[in-house]
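Computed from a prediction, not measured in an experiment: that's the story for all the values here. When a ligand or atom number is given, it counts from 1 through the structure's own listing order. All values below were derived from every heavy atom in this structure, side-chain atoms included, with hydrogens, water molecules and symmetry-related copies excluded.
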Amino acid sequence: MDFTDLYINGEWRNGANGQRFDVLNPATEAPIASVASAEIADADAALDAAEAAMKDWAAQTPRQRSEVLRKAWELMTARLDHFAHLITLENGKAGVDAKGEATYAAEFFRWFAEEAVRADGMVTHAPASGARILVQHKPAGIAVLVTPWNYPAAMGTRKIAPALAAGCAVIVKPAAETPLTMLALMPLLAEAGVPPGLVNVLPTRSAGPLVDHMLHDPRVRVVSFTGSTAVGRKLLHAAADQVLKPAMELGGNAPLIVFEDADLEVAVEGAMLAKMRNLGEACTAANRIYVHEAVAEEFTRRFADRMAALKVGDGTDPSVDVGPLVNADTRDKVAAFVADAVSRGANIVVGGQVPEGKGYFYPPTVLTHVPETADCVHDEIFGPVAAIQTFVDQQDVIARANDTEYGLVAYVFSQDMKRALQVCERLDYGMVGLNRGLVSDPAAPFGGTKQSGLGREGGHEGMLEFMETQYISASW
Ligand code: NAP
């Protein structure tokens, strides 16, 4: 593996105390790289580098920043297979998912190249005093970016691209399971024209103390986190000490509702995508599938046939649809959700058995008659298990869908647009997929309500997360 050291100020470094940790291939359980582990002294070096680099970067014109981001998109797009392969090696996901992620990740550079030149301000008259109100957006400051293992490339670029577009410098703390893709992106960014120190990457085995240290450095002004709600809460507490700007993309518990008037082919296709994209290891994964009783049997038969036909195996094999889960804990948690649901009366239609042998595999699984009391109805499954329940009443299913502390995404399938839009509006979610199993798009504001997070990534909103609004009251 080529890039396994810390990336600070455009240089590869071994880390202050020389400690390293192994990254495993989830399909074989074998180590694929030994990666440097950052300590406090490394974080300080990265902060110094970011501070120095940001001065010049923030002073560049939006067009100059835009051109660098555009180049990053071009370079990454030309190397999608390389990044997809790395993603599969360290995360396990199948080649098709990995290529999809690499493409999605690269698109954030293109989108924010286009947004960099659109930090619109405003000039208006104060109604009473007659003063002019000038509103403009300025780079907020150094941003600490903490990312999860489920999208090793995209969860990083979704933050790096808008931060750079806004004029900020960043320090990325990738997940310990999957630091290799983010490290491999650094030479590409340098080639695109990102100056040394503007983007620094600190893999570590000491995430808590390292991130906490950075969030208490007065030069840091933004913390952008994607990961579990539990860790997000901790970072919000830490961010309070310096009143940092927080952007939090946290957990989900997505309901997917199939009404009796849905086009079942569209609903099955959408459910496959919403459940099995990234083998269910996605905050957007359909966690609870509610199907109207009138179509439940037909939907379940068609959906289960599709799930049973998926080929499970090492994601580097191009014929494989579903790779392994990222680690043993995740696999065991998924198996425990199934055992719990079955013990409460659920039926296994497909899958449900941990296979023998190496690798953290779990088969695509369909459960029916899942009771409301089952753990998988309340917690993120984060694996290839579809938990199907039925309903008869629209008000009842909306209430059940909203009965969670999460509010990231919901999915609705119905051909009656009046009804469908009325239901969408009553769902307490930041995003809704209507007759679609995929909502993620760099051009759209991604994010949740309630305990799924704060702020939005992508769209026009994404860059504003890294900017401060300044208002000048002027007379002339
Ligand atoms: P996680 O355990 O919260 O870890 C996420 C990141 O936080 C990792 O880099 C981790 O480092 C770091 N971290 C852990 N403890 C920390 C601490 N005390 N202080 C600072 N950083 C800390 O989440 P995960 O298991 O990797 O990812 C799965 C979760 O992410 C799910 O809940 C999923 O829904 C959520 N997610 C949300 C979105 C969204 O956009 N809303 C997108 C993707 C995933 P280590 O790797 O070293 O532990």
Q: Would you check if there is a donor-acceptor pair between the side chains of N278 and D97 at a distance under 3.5 Å?
A: no

**Q.** Short side-chain donor-acceptor distance under 3.5 Å, H213 and D44
**A.** yes

Q: Compile the protein residues with any heavy atom at a distance under 4.0 Å from an atom of ligand 1; present them by chain, then by number.
A: V146, T147, P148, W149, N150, M155, R158, K173, P174, A175, A176, A207, G208, V211, F225, T226, G227, S228, V231, K234, L235, E249, L250, G251, G252, C283, E380, F382, L408, F446

Q.
Just so I know, are the side chains of E457 and K159 near enough to count as touching, which here means a heavy-atom distance under 4.5 Å?
A. yes

Q) So among E101, H82, E90, which one has a side chain to side chain donor-acceptor pair (under 3.5 Å) with T181? A) E90

Q. With under 30° as parallel and over 60° as perpendicular, where do the rings of W12 and F3 fit, or are they tilted in between?
A. parallel

Q) Do the ring planes of F108 and F112 sit parallel (below 30°), tilted (30 to 60°) or perpendicular (above 60°)? A) parallel

